[in-house]
Chemist: 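Structure in structure tokens, see below.
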Amino acid sequence: MQRVNNRSACFYTDDDYLCYLDWLKEYSEISHCQIHSYVLMTNHVHLLLTPESKASVGNLMRRLGQRYVQYINRTYKRSGTLWEGRFKSCITNEEDYVLGCYRYIELNPVRADMVSHPAEYRWSSYRANAQGESNELIVPQYLYSRLGTDASARMRRYRELFRHHIDPGLVGDIRQATNGNYALGSERFKDEIELAVGRRVRRGVSGRPKKKVED
């Protein structure tokens with residue numbers, strides 16, 4: 001997720017959205033990231049992606065961010081930064097959470113009361129993932145591919161996931177993990193990621209550590 005400074009707008013016209021998506025495709029290929037889901041809101045962006053290497057996501061967001069800032073500054077006669085610092089992210093690879101991220105991202109316009117159904121919002125991947133609309137940017141994630149034996153079955157099963165509102169607890173988990181750059185998943189998954197990366201990837205306990213009591 002990447003947000004604009006002071007929650008200002010970063011997309012003003014259709015051309016702005018189209019330029020961002022064109023450059024997202026270009027730099028995702030250069031940086032070796034597969035894009036599975038996205039939504040472009042007026043003042044922030046959400047992406048669900050799979051990087052090929054440790055540096056892939058950083059390379060993608062740096063190149064894309066710089067290119068888009070240059071475009072906005074030139075087009076709207078402004079100067080200075082646009083984004084609110086570095087992008088925020090979380091890692092997950094578990095079925096419930098990956099598909100939950102798909103839903104979380106594409107339901108953003110519904111939660112924001114911009115539309116009543118995700119298909120009504122032009123600047124997301126929902127129409128591609130759920131309705132088969134042509135979109136060269138989107139690469140189906142492995143767990144999405146397992147939803148059915150063919151494209152029609154996968155899209156039908158995917159649409160069924162949107163029949164009900166996403167659980168508020170899952171929404172909270174995704175937001176907390178993303179804002180804190182934590183792992184998103186079960187405790188076992190978090191243990192595995194911590195072992196792999198050599199650092200804590202879950203929220204710590206607030207407050208000072210308790211003093212040991214000696215006998």
Side-chain angles (χ1 to χ4, degrees), residues 1-92 98 101-115 118-130 133-141 144 174-175 177-182 184:
M1 184 268 288
Q2 191 159 37
R3 189 177 296 279
V4 180
N5 263 326
N6 300 318
R7 298 184 181 270
S8 304
C10 57
F11 300 106
Y12 302 94
T13 68
D14 286 359
D15 284 345
D16 299 343
Y17 291 97
L18 292 170
C19 284
Y20 188 94
L21 291 174
D22 282 345
W23 293 327
L24 175 58
K25 183 177 187 301
E26 177 183 348
Y27 292 123
S28 65
E29 293 172 351
I30 292 173
S31 304
H32 304 289
C33 289
Q34 294 183 343
I35 308 298
H36 311 305
S37 178
Y38 68 83
V39 67
L40 310 186
M41 304 295 283
T42 53
N43 61 8
H44 66 282
V45 175
H46 287 278
L47 305 174
L48 177 64
L49 57 84
T50 297
E52 183 177 293
S53 70
K54 186 176 180 180
S56 293
V57 178
N59 288 337
L60 164 63
M61 299 306 291
R62 176 176 52 79
R63 288 169 167 165
L64 176 61
Q66 290 176 351
R67 179 76 176 271
Y68 192 70
V69 170
Q70 292 170 359
Y71 161 79
I72 288 293
N73 286 353
R74 182 177 65 252
T75 302
Y76 297 103
K77 305 297 188 294
R78 67 182 299 279
S79 61
T81 186
L82 176 68
W83 306 111
E84 186 181 72
R86 190 176 186 272
F87 66 93
K88 298 180 183 296
S89 66
C90 66
I91 183 171
T92 187
V98 170
C101 286
Y102 267 97
R103 295 171 64 207
Y104 174 82
I105 288 170
E106 293 172 356
L107 282 170
N108 253 256
V110 177
R111 286 195 300 275
D113 292 325
M114 300 172 71
V115 295
E120 299 170 7
Y121 192 72
R122 180 180 177 186
W123 309 112
S124 87
S125 51
Y126 179 84
R127 296 181 188 178
N129 288 322
E133 183 175 273
S134 178
N135 190 328
E136 295 181 355
L137 176 59
I138 294 300
V139 179
Q141 202 270 349
Y144 172 93
I174 293 173
R175 286 175 174 168
T178 303
N179 288 323
N181 294 306
Y182 304 137
L184 177 65

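When reading the values below, keep in mind they use all heavy atoms of this one structure, side chains included, and skip hydrogens, waters and symmetry mates. Residues take their numbers from the sequence shown, with the count starting at 1.
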Chemist: Quick one: are Tyr17 and Arg122 in side-chain contact, heavy atoms under 4.5 Å?
Modeler: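 The answer is no; the side chains never approach within 4.5 Å.
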Chemist: To the nearest 0.5 Å, what is the distance between CZ (Phe11) and CD1 (Ile72)?
Modeler: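 It comes to 7.5 Å.
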Chemist: Not counting sequence neighbours, which residues clear salt bridge (charged side-chain N to carboxylate O under 4.0 Å, His left out) with Asp113? List them please.
Modeler: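 Partners of Asp113 by the salt bridge (charged side-chain N to carboxylate O under 4.0 Å, His left out) criterion come out as none, since no residue qualifies.
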Chemist: Please assess Trp83 against Asn5 for the test side chain to side chain contact (heavy atoms under 4.5 Å, CB included), listing each intermediate value before the final yes or no.
Modeler: CA-CA 5 Å; Trp83 306 111; Asn5 263 326; over 6 Å; no
Chemist: Please enumerate all residues that pass side chain to side chain donor-acceptor pair (under 3.5 Å) together with Asn73, with sequence neighbours excluded.
Modeler: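 For Asn73, the residues satisfying side chain to side chain donor-acceptor pair (under 3.5 Å) (neighbours in sequence not counted) are Arg78.
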Chemist: Leu64 versus Tyr20: any side-chain heavy-atom pair under 4.5 Å?
Modeler: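 They are in contact (side-chain heavy atoms under 4.5 Å apart), so the answer is yes.
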Chemist: If we ignore hydrogens and angles and just use 3.5 Å, is the side chain of Tyr144 paired with the main-chain N or O of Val139 as donor and acceptor?
Modeler: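 Such a contact is absent between Tyr144 side chain and Val139 backbone.
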Chemist: Work out which heavy atom in Cys101 is nearest to a heavy atom in Leu184; give both atom names and the distance.
Modeler: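 In terms of heavy atoms, the two residues are closest at SG-CD2, 3.7 Å.
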Chemist: Excluding sequence neighbours, so at least two apart, what forms salt bridge (charged side-chain N to carboxylate O under 4.0 Å, His left out) with Lys88?
Modeler: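 By the salt bridge (charged side-chain N to carboxylate O under 4.0 Å, His left out) rule, Lys88 matches no residue at all.
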Chemist: What's the separation between atom CD in Gln34 and atom CG in Leu48, rounded to the nearest 0.5 Å?
Modeler: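 CG of Leu48 is found 11.0 Å from CD of Gln34.
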Chemist: Looking at NE2 of His46 and CD of Gln2, how far apart are the two atoms once the value is rounded to the nearest 0.5 Å?
Modeler: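 Nearest 0.5 Å value for the NE2-CD distance: 11.5 Å.
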Chemist: For Asn59 and Tyr27, does a side-chain donor sit closer than 3.5 Å to a side-chain acceptor?
Modeler: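 Short answer, no.
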Chemist: Under the side chain to side chain contact (heavy atoms under 4.5 Å, CB included) criterion, do Trp123 and Asp14 qualify, and how do the steps go?
Modeler: CA-CA 9 Å; Trp123 309 112; Asp14 286 359; 3.6 Å; yes
Chemist: Which heavy atom of Leu137 sits nearest a heavy atom of Leu21, and at what distance?
Modeler: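 Between these two residues, the closest heavy atoms are CD2-CD2, 4.1 Å.
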Chemist: Considering all heavy atoms of both residues, which atom of Leu40 and which atom of Tyr121 are nearest to each other, and what is their separation?
Modeler: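 Reported closest heavy-atom pair: O-OH, 2.5 Å.
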Chemist: Are the side chain of Asn108 and the backbone of Tyr104 linked by a donor-acceptor contact shorter than 3.5 Å?
Modeler: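 Yes, the answer is positive, given that a donor and an acceptor are paired below the 3.5 Å cut-off.
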Chemist: Could you tell me whether the side chain of Ser28 and the main chain of Lys25 form a donor-acceptor pair under 3.5 Å?
Modeler: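 Yes; at least one donor-acceptor contact below 3.5 Å.
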Chemist: How long is the gap from OG1 on Thr42 to CZ on Arg7, to the nearest 0.5 Å?
Modeler: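 CZ of Arg7 is found 10.5 Å from OG1 of Thr42.
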Chemist: Just distance, no hydrogens or angles: give the donor-acceptor pairs under 3.5 Å from side chains in residues 50-57, sequence neighbours left out.
Modeler:
residue, atom, partner, partner atom, Å
Thr50, OG1, His36, NE2, 2.6
Ser53, OG, Ser56, OG, 2.9
Ser56, OG, Ser31, O, 3.0
Ser56, OG, Ser53, N, 3.0
Ser56, OG, Ser53, O, 3.4

Chemist: Would you check if Leu82 and Tyr71 make a side-chain contact, meaning some heavy-atom pair closer than 4.5 Å?
Modeler: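 Side chain of Leu82 against side chain of Tyr71, heavy atoms only: no contact under 4.5 Å found.
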Chemist: Would you say the side chain of Asn179 lies within less than 4.5 Å of the side chain of Met1, judging by non-hydrogen atoms?
Modeler: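 Answer yes - side chains close enough.
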Chemist: Could you tell me which non-hydrogen atom of Tyr68 sits nearest to which non-hydrogen atom of Cys10, and how far apart they are?
Modeler: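 Looks like OH-O, 2.5 Å.
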Chemist: Of all the heavy-atom pairs spanning Gly80 and Val69, show the shortest one and how long it is.
Modeler: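 It is O-CG1, 3.9 Å.
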Chemist: Just jot down the salt bridge (charged side-chain N to carboxylate O under 4.0 Å, His left out) partners of Glu133, sequence neighbours excluded, or say none.
Modeler: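 By the salt bridge (charged side-chain N to carboxylate O under 4.0 Å, His left out) rule, Glu133 matches Arg127.
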Chemist: Are the side chains of Asn129 and Glu106 in touch, meaning some heavy atoms are under 4.5 Å apart?
Modeler: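 Yes, close enough: below the 4.5 Å cut-off.
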Chemist: Quick one: CG on Leu49 to CG on Leu60, what's the gap to the nearest 0.5 Å?
Modeler: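 Those atoms lie 6.5 Å apart.
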Chemist: Side chain to side chain contact (heavy atoms under 4.5 Å, CB included) between Val115 and Val110: does it pass, once the steps are laid out?
Modeler: CA-CA 5 Å; Val115 295; Val110 177; 4.0 Å; yes
Chemist: With sequence neighbours excluded, tell me which residues meet salt bridge (charged side-chain N to carboxylate O under 4.0 Å, His left out) with Arg3.
Modeler: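 Residues passing salt bridge (charged side-chain N to carboxylate O under 4.0 Å, His left out) with Arg3: none at all.
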Chemist: Which heavy-atom pair separates Ile105 from Ser37 by the least distance, and what is that distance?
Modeler: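 Shortest heavy-atom separation between Ile105 and Ser37 comes out as CG2-OG, 3.6 Å.
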Chemist: Can you tell me how far the CD1 atom of Ile35 sits from the CG atom of Leu24, to the nearest 0.5 Å?
Modeler: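 Between atom CD1 of Ile35 and atom CG of Leu24 there are 4.5 Å.
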Chemist: Output yes when a side-chain donor or acceptor of Asn181 lies under 3.5 Å from a complementary backbone atom of Cys90, and no otherwise.
Modeler: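 The answer is no, because no donor-acceptor pair under 3.5 Å joins these two groups.
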